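Inspection log for the structure reproduced underneath, given as structure tokens.
Within every chain, numbering begins at 1; the chains are lettered A, B, ... in the order of the sequence lines, protein sequences first and strands thereafter. Everything quoted here is computed from the prediction, not taken from an experiment.
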Amino acid sequence: MNYWLLKTESEEYSFDDLVCDGNAVWDGIRNYQARNNLKAMKKGDKVFIYHTGDEKQIVGLAEVVKEHYPDPSDKTNTWCVIQVKALEKLKKPVTLEMIKNEKSLKDLQLLKQSRLSVVPLTKKEFDKILIVFIHKIPEIMYI
DNA sequence: GCCAACGTTGGC
DNA sequence: GCCAACGTTGGC
């Protein structure tokens with residue numbers, strides 16, 4: 001299983017929107033590195049949903065429900081989409097500041113490459129965020 | 001193939 | 001509003 005972080009502007013499409021929709025197409029990715037990450041996402045992979053802009057925080061947990069397929073709106077056949085479903089909204093969002101202040105997370109690609117909108121995390125990093133900030137036992141997530 | 005100029009994203 | 005860090009485009 002792999003672990004990811006997807007960015008979105010809450011004004012554009014928020015985690016609450018995803019909760020409402022239950023299951024949504026994650027489209028609009030127009031960056032090659034982000035697209036390659038999309039293509040690497042497998043069904044069942046766990047995903048943090050992060051709000052950019054004024055919020056700058058992880059607001060929810062989601063899961064990949066459908067692996068990549070061509071973006072129907074892209075005539076050049078260059079870009080693809082995936083589908084995700086909301087798992088749960090965080091009671092307390094994990095802010096970028098909290099992440100930056102945690103030394104063991106200093107190597108997060110999220111911090112090193114702030115422009116990338118589809119970011120991989122290692123299991124270690126994902127678990128760390130779950131345990132330290134969300135107070136969850138990772139294994140429960142993986143059933 | 002190189003690079004200057006310009007565009008975009010996202011944090012500060 | 002600005003800037004850093006990338007990406008993209010187009011002239012050469």
Worksheet entry | Selection: residues 103-113 of chain A, any non-hydrogen atom under 4.0 Å of DNA chain C |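 Gln113(A), in order of number.
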
From [atom1] of [X] over to [atom2] of [N], roughly how many Å is that when rounded to an integer?
X: Leu5(A); N: dG11(B); atom1: CG; atom2: P; value: 10 Å
X: Glu12(A); N: dT8(B); atom1: CD; atom2: P; value: 14 Å
X: Trp79(A); N: dG7(C); atom1: CH2; atom2: C1'; value: 10 Å
X: Ile29(A); N: dT8(B); atom1: CD1; atom2: C1'; value: 14 Å
X: Asn36(A); N: dG7(C); atom1: CG; atom2: P; value: 11 Å
X: Leu116(A); N: dG10(B); atom1: CG; atom2: P; value: 9 Å
X: Asn31(A); N: dT9(B); atom1: CG; atom2: C1'; value: 10 Å

Discussion item. Under the side chain to side chain donor-acceptor pair (under 3.5 Å) definition, can you give me all pairs with a residue in residues 20-29 of chain A, not counting sequence neighbours?
Written reply: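 Only Tyr13(A)-Asp21(A) qualify under side chain to side chain donor-acceptor pair (under 3.5 Å).
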
Item to complete: Kindly state each residue pair satisfying side chain to side chain donor-acceptor pair (under 3.5 Å) with at least one member in residues 34-43 of chain A, sequence neighbours excluded.
Response: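 Not a single pair qualifies under side chain to side chain donor-acceptor pair (under 3.5 Å).
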
Discussion item. Can you tell me which nucleotide in dG10(B), dG7(C), dT8(C) comes closest to the side chain of Tyr32(A)?
Written reply: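 Given the options dG10(B), dG7(C), dT8(C), the side chain of Tyr32(A) is closest to dT8(C).
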
Worksheet item: Looking at the rings of Phe126(A) and Phe48(A), which for Trp means the six-membered one, are their centres under 6.0 Å apart?
Response: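 Yes, close enough.
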
Worksheet entry | Any residue meeting salt bridge (charged side-chain N to carboxylate O under 4.0 Å, His left out) with Asp45(A), in chain and number order, not counting sequence neighbours |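 In terms of salt bridge (charged side-chain N to carboxylate O under 4.0 Å, His left out), with neighbours along the sequence ignored, Asp45(A) is linked to no residue.
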
Item to complete: State which residues pass salt bridge (charged side-chain N to carboxylate O under 4.0 Å, His left out) with Asp107(A); sequence neighbours excluded, sorted by chain then number.
Response: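 Residues passing salt bridge (charged side-chain N to carboxylate O under 4.0 Å, His left out) with Asp107(A): Lys112(A).
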
Discussion item. Please tell me if Tyr50(A) has a side-chain N or O lying less than 4.0 Å from either OP1 or OP2 of dG11(B).
Written reply: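 The answer is yes; a side-chain N or O of Tyr50(A) sits under 4.0 Å from OP1 or OP2.
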
Worksheet entry | Residues clustering with Val25(A) (ILVMFWY side chains joined when closer than 4.5 Å, directly or via others) |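 Its cluster mates, by chain and number, are Tyr69(A), Val81(A).
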
Discussion item. Under 4.0 Å, counting only non-hydrogen atoms across every strand here, what does Gln33(A) touch: a base, just sugar-phosphate, or nothing?
Written reply: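 Contact class for Gln33(A): sugar-phosphate only.
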
